[in-house]
Amino acid sequence: MAGNSKSTEAGRRPSSALRAPSPRERGEGEDIAIVGGGIIGICAAAFLAEAGLDVTVFDRTGICEETSSGNAAAFAFSDVLPLAHKGMIRQLPKWLADPLGPLSIPPAYLPKLLPWLFRFWRAGAAAKYEASLATQAGMMRLAEAEWMYLLDRSGTRPMLREDGSLELYESEAEFRATLPGWAARERFGIGFRHVDGKGLAALQPGLSPRFVKGMFVPGWKTVADPKLLGKAVWAYAEAKGARFETARIDRIAADQDGAALTLADGTIRRARRLVVAAGTWSHLLARQLGDRIPLETERGYNTTLPNGAFDVKRQLIFSGHGFVITPLDTGLRVGGAVELGGIERPPNFSRSKALLQKAQQFLPGLDPSGGREWMGFRPSLPDSVPVIGNAPGARSVVYAFGHGHLGLTQAAATGRLIRELVLGQTPSVDLAPFSPQRF
């Protein structure tokens with residue numbers, strides 16, 4: 001229970017009468033500047049503001065308005081298998097042959113992507129499997145604990161859903177191919193049970209009979225709506241003193257006195273410490289400090305249907321097709337798939353439509369009308385492990401990006417780790433596997 005008492009204690013913000021004036025109050029800039037108003041930056045702001053630090057978040061659009069607004073709403077604490085170990089390399093030829101399949105790469109983008117794909121392939125080596133698994137499992141344990149504490153402190157636990165998830169398979173062979181991965185999860189205490197026949201129908205009435213097997217994970221959690229949760233956590237951080245400014249950060253720099261941020265209008269702001277949590281744009285800022293981090297952009301698509309489109313009981317995972325269906329307070333979200341195509345190409349919403357067509361086949365009776373299409377950028381590193389740590393040549397800068405599909409899941413753990421780095425405390429997990437220098 002040491003983690004519990006530590007987190008609770010950190011939630012007590014010292015009153016202004018008991019602390020020295022902050023750098024901002026003295027006209028010297030911010031204590032902490034955070035670049036990025038997505039879920040990682042929001043959680044970092046909450047943890048730092050709880051510790052009594054003066055925090056300002058900068059984002060070009062707003063709080064939780066971009067990638068963090070449209071994800072699949074899962075707290076995927078049992079998702080400990082790195083992507084490179086999930087059979088993706090083996091499936092690449094089949095998937096790439098289908099332009100609207102689970103994975104696509106625009107041909108013109110492939111030459112730029114090849115170095116990242118090579119690193120991804122190397123990350124899947126058997127020799128790295130146990131280390132990668134242990135790293136993710138440790139991060140997930142911390143993530144689950146810290147999210148539960150943060151939900152309680154911020155008054156957002158009513159937004160949590162604990163209905164479990166149901167992963168579905170169309171054949172005995174597909175099901176058996178996943179068993180080694182489930183055995184690995186079992187070693188880390190993750191509970192699940194096989195279901196078929198009437199068991200499938202009980203967990204999700206109305207499924208297509210093409211699904212013959214399933215895996216139910218009772219500990220899987222989702223949230224009522226990821227955008228609304230992010231904004232609610234931000235309201236809590238703001239109540240603790242955090243501030244937000246709408247601004248695009250064009251450049252960052254660091255020296256012995258701290259960090260400097262150049263805004264799009266040419267204004268320069270200074271901070272004692274800078275946290276880079278700008279998602280898929282983060283590596284471009286890191287490059288300005290001389291750090292080349294191989295981050296790539298996974299473009300994810302979804303369609304959110306109106307409430308009443310289908311009575312989905314819990315998150316449904318169609319791993320063979322690369323997408324999920326999630327019931328939200330604000331509708332039914334059908335999304336997933338991966339397009340490795342960078343940040344410049346326009347969205348290809350044919351991918352959203354293809355997912356919706358599959359959803360109709362898998363849930364006969366689904367009403368596909370009235371949906372809102374969306375595309376977002378997942379910041380992904382080849383080994384599926386985020387970068388969390390001090391910039392190698394600039395100790396005033398902390399990196400926190402590259403969470404891929406797990407940004408929402410790992411945000412509270414990342415917030416705690418950032419606070420520990422800023423305050424010079426011993427990190428809750430070994431940060432060596434998360435080092436910006438590991439590449």
Side-chain angles (χ1 to χ4, degrees), residues 74-96 102-103 105 113-144 165 167 169 173-194 213 215 217 219-220 293-296 298 317-322 324 336 338 340 378-389 401-407 409-410 413-414 417 427-439:
F75 280 156
F77 303 125
S78 62
D79 196 3
V80 297
L81 298 182
L83 286 178
H85 298 295
K86 289 185 177 180
M88 286 190 67
I89 293 294
R90 185 174 63 252
Q91 303 233 44
L92 274 177
K94 179 183 76 173
W95 285 353
L96 291 176
L103 173 66
I105 301 173
L113 185 64
L114 283 174
W116 188 92
L117 285 175
F118 178 70
R119 290 177 183 271
F120 181 78
W121 171 72
R122 289 183 61 188
K128 298 182 178 181
Y129 178 73
E130 288 298 330
S132 297
L133 189 62
T135 295
Q136 285 286 50
M139 184 64 166
M140 292 302 195
R141 282 193 296 269
L142 180 65
E144 183 166 15
S165 67
E167 188 160 336
Y169 311 105
E174 183 186 9
F175 170 71
R176 291 195 174 280
T178 69
L179 293 180
W182 290 107
R185 293 178 178 95
E186 191 171 29
R187 288 195 284 118
F188 289 95
I190 295 167
F192 56 88
R193 60 182 171 90
H194 309 167
K213 292 277 188 178
M215 197 72 79
V217 182
W220 190 275
I293 297 173
L295 184 145
E296 192 46 70
E298 294 184 36
I317 302 172
F318 304 92
S319 54
H321 298 268
V324 304
V338 172
L340 292 167
R378 305 183 188 112
S380 296
L381 293 163
D383 57 3
S384 302
V385 176
V387 162
I388 304 173
F401 58 84
H403 295 74
H405 298 249
L406 299 170
T409 300
Q410 297 182 341
T414 303
L417 292 169
S428 298
V429 298
D430 179 13
L431 288 182
F434 303 88
S435 170
Q437 296 175 287
R438 69 183 188 270
F439 304 103

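Each residue takes its place number in the sequence, starting with 1.
- Open room surrounds CZ on R122; 12 or fewer heavy atoms of other groups in view lie less than 6.0 Å from it.
- Interatomic distance, CD of E174 versus OH of Y169, reported as 7.5 Å (0.5 Å rounding).
- The closest side-chain heavy-atom distance from P294 to F439 is below 4.5 Å.
- If you take CH2 on W182 and CD on E167, they are separated by 5.0 Å, rounding to the nearest 0.5 Å.
- The aromatic rings of F192 and H194 sit parallel to each other, their planes meeting at less than 30°, with 60° as the upper class boundary.
- Between G191 and V217, the shortest heavy-atom contact is O-CG1, 3.6 Å.
- Of all non-hydrogen atoms in T409 and A76, the two that sit nearest each other are OG1-N, 2.9 Å.
- We find the CG-CZ distance between L114 and R119 to be 13.0 Å, quoted to the nearest 0.5 Å.
- Within the model, atoms CZ of R185 and CE of M140 stand 10.0 Å from one another, a figure rounded to the nearest 0.5 Å.
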Could you go step by step and tell me if K128 and D383 meet the side chain to side chain contact (heavy atoms under 4.5 Å, CB included) rule?
CA-CA 10 Å; K128 298 182 178 181; D383 57 3; over 6 Å; no
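- Side chains of I388 and H403 form a contact here, defined as non-hydrogen atoms less than 4.5 Å apart.
- Looking at heavy atoms from C-beta onward, H405 lies in side-chain contact with V338 at the 4.5 angstrom threshold.
- Atom CZ of R176 has 12 or fewer heavy atoms from other residues, nucleotides or ligands within 6.0 Å.
- The distance from atom CD of E130 to atom OG1 of T135, rounded to the nearest 0.5 Å, is 11.0 Å.
- Annotation for W116 and S380: closest pair NE1-O, 3.4 Å, computed over non-hydrogen atoms.
- Using a 4.5 Å heavy-atom threshold, the side chains of Y129 and L81 count as touching.
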Stepwise side chain to side chain contact (heavy atoms under 4.5 Å, CB included) test for I190 and V80
CA-CA 10 Å; I190 295 167; V80 297; 4.0 Å; yes
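- Using a 4.5 Å heavy-atom cutoff, the side chains of F120 and L113 are not in contact.
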Would you check, one step at a time, whether the test side chain to side chain contact (heavy atoms under 4.5 Å, CB included) holds for T178 with K213?
CA-CA 11 Å; T178 69; K213 292 277 188 178; over 6 Å; no
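- For the pair A134 and F188, the tightest heavy-atom approach, listed with the atom from each and the gap, is CA-CZ, 4.1 Å.
- At least one side-chain heavy atom of I105 sits under 4.5 Å from a side-chain heavy atom of L117.
- Within the 4.5 Å cutoff, the side chain of F401 has heavy atoms near those of the I293 side chain.
- Summarising the geometry of L417 relative to P427, their closest heavy-atom pair is CD2-CB, 4.2 Å, with the distance given to 0.1 Å.
- The distance from atom CZ of R438 to atom CG of L381, rounded to the nearest 0.5 Å, is 5.5 Å.
- The side-chain contact (heavy atoms from CB on, under 4.5 Å) with L406 is formed by just one residue from the set R378, M139, Q136; it is Q136.
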